[in-house]
Amino acid sequence: MKSLSEPKSYRIKSFGCQMNVYDGERMAELLGAQGMSAAPEGEDADLVVLNTCHIREKAAEKVYSDIGRLRRDDGSAPLIAVAGCVAQAEGEEIMARSPDVRMVVGPQAYHRLPAMIEKARAGERVTDTDMPANAKFGVLPTRTKRAPSAFLTVQEGCDKFCTYCVVPYTRGAEISRPFADLVEEAQKLVDAGAREITLLGQNVNAWDGEDDKGRAIGLDGLIRALAAMPDLKRIRYTTSHPNDMSDALIAAHGEVGKLMPYLHLPVQSGNNRVLQAMNRSHSAESYIALIERFRAARPDIAISGDFIVGFPGETDAEFEDTLKMVDTIRYAAAFSFKYSPRPGTPAATMADQIAKEVMDERLQRLQAALQRDSLSFNQASVGRTCEVLVERKGRKPGQWLGKTPWLQSAWFEGDAAIGDLVQVELLAAGPNSLEARVV
Ligand code: 5AD
Ligand code: SF4
């Protein structure tokens, strides 16, 4: 391959979780610092980064079809980099299967993209799936992302090894970023206009560190420190694991006004045998007790969860326990998935894999129950007056989309700007959004 000219424009497509969105933003800032600019919508980019997700089957398949579609009408292809968790897990396979891919870069190595681009331009095909903990954060350029609601990765990786999950293999061991770095990055985001920060981690509530006085603190301590920033109005965090929950974090929900009344706490199943086979290390009962403690600390807290149906060996009766869990908790929001065997995970080779039709039927029943509950959660908010953070314009002139403290989408008309906190009354509810008016 002959040497390529210097790429001037880039496009980053992020799939999957919020941490990938965050990584995509940081890659954009990195490429921007190299003098490249984002390709305008609809125009070809010189460099395309596919920031991939490996959590379920279809996501990986989508990457291969996306690579195919990047070839232009004249037969040429942009410089293609595959990043993210598929890159980490299947780097060699991607290189072998897709000759157009010039770079494969894992989630802990993307700070080295500029050097990789140089090599790729010279005709090399470059793979970097090293996992040096925290190394990228020391090298990436300072935050410039402007948005009212920003993500901040505080913790990465997972030591839990749930038997269905690839994350411990693709994101590596649990690590916490240092307190001082996080305070600095949060301040940069706030200076650039962020009014809300969502702290991210695969096990965000496992975050620990030392504050500026050298005292050991947990996520609650970090939240309290960030809450002291005057221009930061809202704090959220996701995703938590039931086993890392501390009394202090629960208490913070009742004490820190800027900590929003919302908790995403995956449960996966409502049946103890399945939970054990999943290596979840909590029971249905301990999960319910935990949620009760959050509700005691903050009675209006919105609870959200993740569910998997059709884990190997799951019987009809065991699935019914998941429906019972939904009835007990009454989730405000939830994500539910059909079990997808991930190569290299223990569950992939377990006996009694569940037929697709059975999974389809279970997912449908589960989603109907979850939809019923998110609608009733929204309906119960009607009549409430609350603040919304304005995130974007609506389709109609003068229409805006704001987020309530409970992370509901609320549409309203009136004078506003992106980033404003507007007091509204909630008027009418659907399963996915509410109508509101300015008060
Ligand atoms: N199959 C289906 N869903 C999965 N998840 C993780 N791994 C799998 C898998 N192999 C779901 C879990 C997790 C969420 C991020 O994705 O519910 O909480
Ligand atoms: Fe995966 Fe379990 Fe870790 Fe969550 S806690 S990232 S589901 S292994």
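Read the numbers this way: they start at 1 and go in the same order the structure lists the ligands and their atoms. All of these numbers come straight from a predicted model, not from anything done at the bench.
Within a 6.0 Å sphere centred on CD of Gln276, heavy atoms belonging to other residues, nucleotides or ligands number 12 at most. Within 6.0 Å of atom CZ in Arg146, 12 or fewer heavy atoms from other residues, nucleotides or ligands are found, so the atom counts as exposed in its surroundings. For CD of Gln18, the number of neighbouring non-hydrogen atoms (other residues, nucleotides, ligands) closer than 6.0 Å is greater than 12.
Below 30°, between 30° and 60°, or above 60°: for His282 and Tyr287 the angle between ring planes is between 30° and 60°, a tilted geometry. Under the 30°/60° scheme for interplanar angles, the aromatic rings of Trp207 and Phe179 are found to be tilted. In this structure, Phe311 and Tyr164 have perpendicular ring planes: the angle between them is above 60°, well past the 30° mark.
Using a 4.0 Å cut-off between heavy atoms, Phe337 contacts ligand 1 through its side chain alone, with no backbone atom that close. Contact annotation: for Ile55 versus ligand 1, heavy atoms closer than 4.0 Å belong to both the backbone and the side chain.
The nearest protein atom to atom 14 (C) of ligand 1, hydrogens excluded, is given as Asp306 OD2, 3.4 Å; this is a heavy-atom distance. Scanning the protein for heavy atoms near atom 7 (N) of ligand 1, the closest one is Tyr164 CD1, 3.3 Å. Taking atom 4 (C) of ligand 1 as the reference point, the nearest protein heavy-atom neighbour is Ile308 CD1, 3.6 Å. Protein heavy atom closest to atom 5 (N) of ligand 1, with residue, atom name and distance, is Arg56 NH1, 3.7 Å.
Near Tyr339, the atoms of ligand 1 lying under 4.0 angstrom from a non-hydrogen atom of the residue are 1 (N), 2 (C). When each atom of ligand 2 is checked for a heavy atom of His241 under 4.0 Å away, the hits are 5 (S).
Counting only N and O atoms by type, the side chains of Gln364 and Asp360 include no donor and acceptor under 3.5 Å apart.
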Exercise for review: Dump the intermediate steps for side-chain contact (heavy atoms from CB on, under 4.5 Å) on Val267 and Leu265, then the final yes or no.
Suggested key: CA-CA 6 Å; Val267 65; Leu265 193 64; over 6 Å; no
Worked check of side-chain contact (heavy atoms from CB on, under 4.5 Å) between Asp306 and Gln268
CA-CA 6 Å; Asp306 287 346; Gln268 316 298 359; 3.9 Å; yes
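Compare Arg342, Lys338, Gln268 by their heavy atoms: the one nearest to atom 17 (O) of ligand 1 is in Gln268. For the residues Ala347, Ser340, Ser269, the heavy atom positioned nearest atom 1 (N) of ligand 1 is part of Ser340.
For atom 1 (Fe) of ligand 2, protein N, O or S atoms closer than 2.8 Å were enumerated as Cys165 SG, with waters left out.
Between Ile12 and the options Asp23, Val21, Val48, Leu31, a side chain to side chain contact (heavy atoms under 4.5 Å, CB included) holds for only Leu31. Of the candidates Leu113, Val49, Thr127, Leu113 is the only one forming a side chain to side chain contact (heavy atoms under 4.5 Å, CB included) with Met103.
Within the structure, the closest approach of Arg280 to ligand 2 falls below 4.0 Å when heavy atoms are considered.
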